[in-house]
Protein chains: 2
Amino acid sequence: MFSSTSEILKRNQLSVTESRKKILDMFLRTDGALAHADIEQRSGTGFDRVTVYRTLQTFVEKGIIHTIPTTDNSVRYALCKDECSAGHHHDDHIHFLCDACGTTYCLDHITVPAVQLPKGFRATQTDVVVSGICSKCNPV
Amino acid sequence: MFSSTSEILKRNQLSVTESRKKILDMFLRTDGALAHADIEQRSGTGFDRVTVYRTLQTFVEKGIIHTIPTTDNSVRYALCKDECSAGHHHDDHIHFLCDACGTTYCLDHITVPAVQLPKGFRATQTDVVVSGICSKCNPV
DNA sequence: ACTACAATGCAACAATGTTGCAAAATATTT
DNA sequence: AAATATTTTGCAACATTGTTGCATTGTAGT
């Protein structure tokens with residue numbers, strides 16, 4: 001089943017606007033993750049910086065996208081899978097950051113291994129960020 | 001064995017200065033991680049913002065501290081263990097971020113579980129960030 | 001103590017993110 | 001389909017965060 005941008009927006013009780021459709025479309029067409037700068041640049045003669053900020057914020061709140069932890073101070077966003085709903089993320093998957101090409105992959109199908117925490121610690125979410133070389137950049 | 005700030009600095013071929021000693025001392029006295037803002041504030045009638053930035057940068061380069069990945073756009077630093085040397089980090093340990101008190105713990109003694117990557121992907125570093133409630137904030 | 005070198009502070013700048021408000025677009029009602 | 005209510009956008013101004021060049025100060029080595 002294939003959802004259009006408008007459908008996804010309506011499903012999340014968001015008014016359908018040009019900027020939201022366009023930004024959501026970028027995520028649907030991109031395999032990896034996007035940073036704020038990517039969106040602002042690629043959107044061509046695009047939207048106001050503020051609009052992009054607010055749109056991303058809205059999408060995160062609605063559970064359409066999620067932020068990816070990074071070691072540097074950049075913020076990246078990626079599409080959530082269908083299991084995500086507002087305020088109820090299912091982000092326990094692995095992110096892979098290629099040091100060569102800079103692409104961020106969401107490896108949704110790989111399960112996050114269970115982590116044994118010290119006594120008294122209770123986990124609500126586990127993020128795993130693996131850095132290295134991706135299959136495209138890896139010499140055979 | 002206990003190392004003084006001066007000893008640590010000399011061991012890393014850094015000139016021993018007031019700011020470096022003071023900032024390094026903050027890390028030695030702190031269990032968790034520190035953000036730039038923490039350092040600037042706690043250092044009292046302290047140093048220039050630029051000095052803090054440059055000092056942190058230098059410490060990261062020398063392998064004295066390392067950055068911690070976070071989901072929000074904040075950058076946090078924590079002491080490296082002795083195995084770390086310049087450009088050759090041994091950061092494969094788990095970070096725990098308490099949602100209640102905001103403290104970041106470096107759980108050095110917990111091993112990062114092996115992650116099975118797709119074919120062609122090669123990992124050089126694995127960061128695990130667990131969010132939840134720490135032992136201090138957890139109701140018994 | 002003198003010299004060479006490195007670190008600091010200041011100023012100015014660049015980048016990133018936030019807020020208030022009028023104008024425009026979208027949704028809802030009649 | 002038109003009018004009203006609501007939401008979103010763009011602009012401006014601002015706040016925060018991080019960077020760079022350069023003179024001054026401090027540190028290291030002889």
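FYI, side chains are in, hydrogens and waters are out, and symmetry mates aren't considered; it's all heavy atoms of this structure. Each chain gets a letter, A, B and so on, in the order its sequence line appears, and its residues count up from 1. Everything quoted here is computed from the prediction, not taken from an experiment.
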Determine whether B:Ile68 and B:Val52 fall in the same hydrophobic cluster, where Ile, Leu, Val, Met, Phe, Trp and Tyr are linked whenever their side-chain heavy atoms lie under 4.5 Å apart. no
From CZ of B:Phe47 across to C1' of D:dG18 the rounded distance in Å is 19 Å
Can you find a side chain N or O atom of B:Thr58 that sits less than 4.0 Å from OP1 or OP2 on C:dA7? no
Short side-chain N/O contact from B:Thr51 to OP1 or OP2 of C:dG9, under 4.0 Å: yes
Between B:Lys21 (NZ) and D:dG26 (P), how many Å, whole number? 14 Å
Mind running side chain to side chain contact (heavy atoms under 4.5 Å, CB included) on B:Ile8 and B:Phe59 for me, showing each step along the way? CA-CA 11 Å; B:Ile8 295 174; B:Phe59 285 0; over 6 Å; no
Is A:Ser15 near enough to D:dT8 that one of its side-chain N or O atoms lies under 4.0 angstrom from OP1 or OP2? yes
Provide, to the nearest angstrom, the distance between the CZ atom belonging to B:Arg49 and the C1' atom belonging to C:dT8. 14 Å
Residue mapping more 5' on DNA chain C - nearest nucleotide basis, A:Tyr53 or B:Thr55: B:Thr55
Check the distance between C:dC5's P and B:Gln13's CD and give it to me in whole angstrom. 17 Å
Mind checking A:Ser19 for me? I need base, sugar-phosphate or nothing, with any heavy atom below 4.0 Å counting as a touch. sugar-phosphate
Considering every strand and a 4.0 Å limit on heavy-atom distances, what is the contact class for A:Arg54: base, sugar-phosphate, or nothing? base
Nearest whole Å is fine: how far is C:dG9 P from B:Arg20 CZ? 12 Å
Minimum-distance nucleotide (side-chain atoms of A:Val16 versus C:dG17, C:dA27, D:dA28): C:dA27
Specify the separation, in whole Å, of atom CD of B:Glu40 and atom C1' of D:dT17. 10 Å
Separation of B:Gln41 atom CD from D:dT16 atom P, in whole Å? 11 Å
Would you mind reading off the distance between A:Tyr77 atom OH and C:dT16 atom P, rounded to a whole angstrom? 12 Å
Look at the aromatic rings of B:Phe121 and A:Tyr105 and report parallel, tilted or perpendicular, splitting at 30° and 60°. perpendicular
Given 3.5 Å as the limit, does a donor-acceptor pair link the side chain of B:Thr124 with the main chain of A:Ser131, or not? yes
Is the shortest side-chain N to carboxylate O distance from B:Lys10 to B:Glu7 below 4.0 Å? no
5'-most contact on DNA chain D (nearest-nucleotide basis), A:Asp48 vs B:His36, goes to A:Asp48
If you check every side-chain atom of B:Val75, which of D:dG18, D:dT20, C:dG17 has the closest atom? D:dG18
